[in-house]
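Notes follow once the structure below has been shown.
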Amino acid sequence: MQHTQDYLDRLGITELNPMQQDVLTQRDAHRDLILLSPTGSGKTLAFTLLMLTNHPLGSSKTISHLVVAPTRELAAQIDAVIKRLQTGFRVICLHGGKSTRMEREDLKRNAQIIVATPGRLCYHIEHSADLLAELQVLVIDEFDKCLELGFEEQLGQILTASNAAAQHVLTSATNLDPMPSFLPLKDTKTLNYLDDTAVQPSHQTYSIEAPSSLKLEMLFKLLCRIGNERVLVFCNHRDTTDHVASLLERKGIRAQIYHGGMEQWERQLALTKLRNGTVEILITTDLAARGLDVEGVHHVVHYQWPVKVEDYLHRNGRSGRHGEVGSIYGFIEKPGTAPEFFKEAATPLSLDAYYPVPQLPAFCTLRINAGKKQKINKIDIVGFFLKQDGAQKDDLGMIAVGTDEAFVAVRRGLANQWANPVNDARIKKAKVRIRLV
């Protein structure tokens, strides 16, 4: 298990939780596995360690490990976790919103691990029928969501194209009974942690009475009461997120929207700004209810109620993670109208006091139009900014370097001074433009 400990050290984790330990203890490379565990309980790490332990990566340059996820955001999250483990093997993430031509070029460079959404993976299978011919393990993460989003046909195509001898691992935060008949499961082992309190996220739940005419005002007061902490505000519709964010802006609260109607780069930028602390409030649809793992999200607000209890649980699972305690808030427009799944544990919360408008975050985000392809790394970026007049190390925050771009959190008072929209700054040998985003 030395490799497992090495992986945990790279993630900064001292020990596995009971569910993760059970997954590794009961591993059997010749049996398929169904893992049922709550949102936020660490399923991604569990199945990643399982597939690497049961099927160690060898010298083969063919695809041996595949993870299928229902959304781009979840695929990107899984990809990031695997890359942080530093396996030494090539990992490729395939999903919509990216160039198919660039993905095809990446696949020619001999990846051993693929993380993909169903539709995009089927596109590549159609262009390369033997893509999954030597697959050792296939993980379908959030399997219930894959079916809910209508990916049954694509999953069938993926299973047909993959090596029949591959081990199948299915994960879900809800129990599907019976399992769909098209799945070629064999000698299946099921681990069910859905009712295990040891792996449940920890939450305090509050109810806020607000008639529809005062609902937005009460949301404003709640956000003022919370102050400068990370908050996810869930709405049911894209138009609502835009409307709520716009009205909050007029009241002096800057919030970021996040929904499926945005371009992929816009969505990625929104998450980057939430992670680096230059945005603290995300007004979102259920797109953020799965696959979003942002450190320090302590508050989840149900501005509008989801239709299904599963979506309620997935929303709440964005907070109270990694041993922290999250706060859940729900708006009740009329007495007795809260959904059944919310009524039991909610504590009434009064917002009658005065709360000052939260200050803007201390940092802003700058975008640099160059990244790994231009051989630029975090050290290069730090060195560039520390050469600016009066710059100190604590004027820089989180730095994220992508393929063709990088994002840098910088102190708000210096952002305009350091922005350079003209292509005449140089980092290493690359001419770059730096702009505030």
Side-chain angles (χ1 to χ4, degrees), residues 9-13 44-45 72-74 76-86 93 227-232 254-258 264-282 284 288 291-299 318-319 321-322 324 358-388 390-420 425 427-428 430 432-437:
D9 290 344
R10 290 163 192 163
L11 295 176
I13 297 173
T44 299
L45 180 59
R72 301 172 185 180
E73 286 70 25
L74 183 53
Q77 182 69 43
I78 296 167
D79 175 63
V81 170
I82 297 175
K83 286 177 178 174
R84 285 177 62 195
L85 295 179
Q86 301 174 36
C93 190
N228 289 100
E229 295 189 28
R230 288 178 181 165
V231 187
L232 300 184
R254 189 169 297 175
Q256 174 71 54
I257 60 170
Y258 182 75
Q264 180 65 22
W265 69 267
E266 294 177 301
R267 287 153 58 176
Q268 199 58 47
L269 176 59
L271 294 185
T272 296
K273 292 168 78 172
L274 184 66
R275 289 191 173 102
N276 69 17
T278 60
V279 162
E280 293 173 327
I281 300 169
L282 199 69
T284 180
L292 182 64
D293 188 5
V294 177
E295 294 291 335
V297 174
H298 298 301
H299 306 273
R318 299 310 101 200
S319 70
R321 302 166 75 91
H322 312 304
E324 298 179 340
Q359 295 181 345
L360 290 174
F363 285 72
C364 292
T365 297
L366 295 178
R367 176 188 181 272
I368 302 169
N369 67 332
K372 294 176 182 176
K373 186 178 286 187
Q374 290 75 30
K375 310 297 184 183
I376 290 174
N377 58 36
K378 293 181 182 181
I379 295 174
D380 301 323
I381 293 170
V382 170
F384 171 81
F385 281 108
L386 289 183
K387 292 177 183 177
Q388 310 305 310
Q392 303 294 325
K393 271 193 175 182
D394 59 5
D395 293 327
L396 298 176
M398 185 181 293
I399 299 172
V401 183
T403 304
D404 293 298
E405 60 185 358
F407 297 95
V408 188
V410 302
R411 197 166 297 281
R412 182 169 295 276
L414 296 170
N416 285 320
Q417 175 185 330
W418 288 354
N420 182 7
I427 299 180
K428 280 191 170 177
V432 298
R433 293 191 300 273
I434 303 170
R435 63 184 180 88
L436 185 64
V437 291

Q: Kindly write out the residues that satisfy ring pair (Phe, Tyr, Trp, His ring centres under 6.0 Å) with Phe384, not counting sequence neighbours, or none if the list is empty.
A: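 In terms of ring pair (Phe, Tyr, Trp, His ring centres under 6.0 Å), with neighbours along the sequence ignored, Phe384 is linked to no residue.
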
Q: Please list, chain by chain and in numerical order, all residues satisfying ring pair (Phe, Tyr, Trp, His ring centres under 6.0 Å) with His299, sequence neighbours excluded.
A: Tyr329

Q: Kindly indicate, with the supporting measurements, whether the criterion side-chain contact (heavy atoms from CB on, under 4.5 Å) is fulfilled by Leu282 and Val294.
A: CA-CA 11 Å; Leu282 199 69; Val294 177; over 6 Å; no

Determine whether a donor-acceptor pair (N or O, by modelled atom type, separation under 3.5 Å) exists between the side chain of [X] and the backbone of [Y].
X      : Y      : result
Arg10  : Gln86  : yes
Lys428 : Asp380 : no
Arg254 : Leu360 : no
Thr284 : Tyr258 : yes

Q.
Walk me through whether Gln417 and Gln388 qualify under side-chain contact (heavy atoms from CB on, under 4.5 Å).
A. CA-CA 10 Å; Gln417 175 185 330; Gln388 310 305 310; 5.6 Å; no

Distance check, rounded to the nearest 0.5 Å: [X] atom [atom1] versus [Y] atom [atom2]?
X      : Y      : atom1 : atom2 : value
Ile82  : Thr44  : CD1   : OG1   : 8.5 Å
Ile381 : Ile368 : CD1   : CD1   : 4.5 Å
Arg275 : Met398 : CZ    : CE    : 9.0 Å
Leu396 : Trp418 : CG    : CH2   : 5.0 Å
Asn420 : Arg435 : CG    : CZ    : 13.0 Å

Q. Would you say Lys375 has more than 12 foreign heavy atoms packed within less than 6.0 Å of its NZ?
A. no

Q. Do Gln359 and Asn228 have side-chain N/O donor and acceptor atoms under 3.5 Å apart?
A.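 On atom types as modelled, these side chains do not qualify, holding no pair under 3.5 Å.
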
Q: Write out all pairs satisfying salt bridge (Lys or Arg N to Asp or Glu O under 4.0 Å) with one or both partners inside residues 402-415, taking only residues at least two apart or from two chains.
A: Arg367-Glu405, Lys373-Asp404, Asp395-Arg411

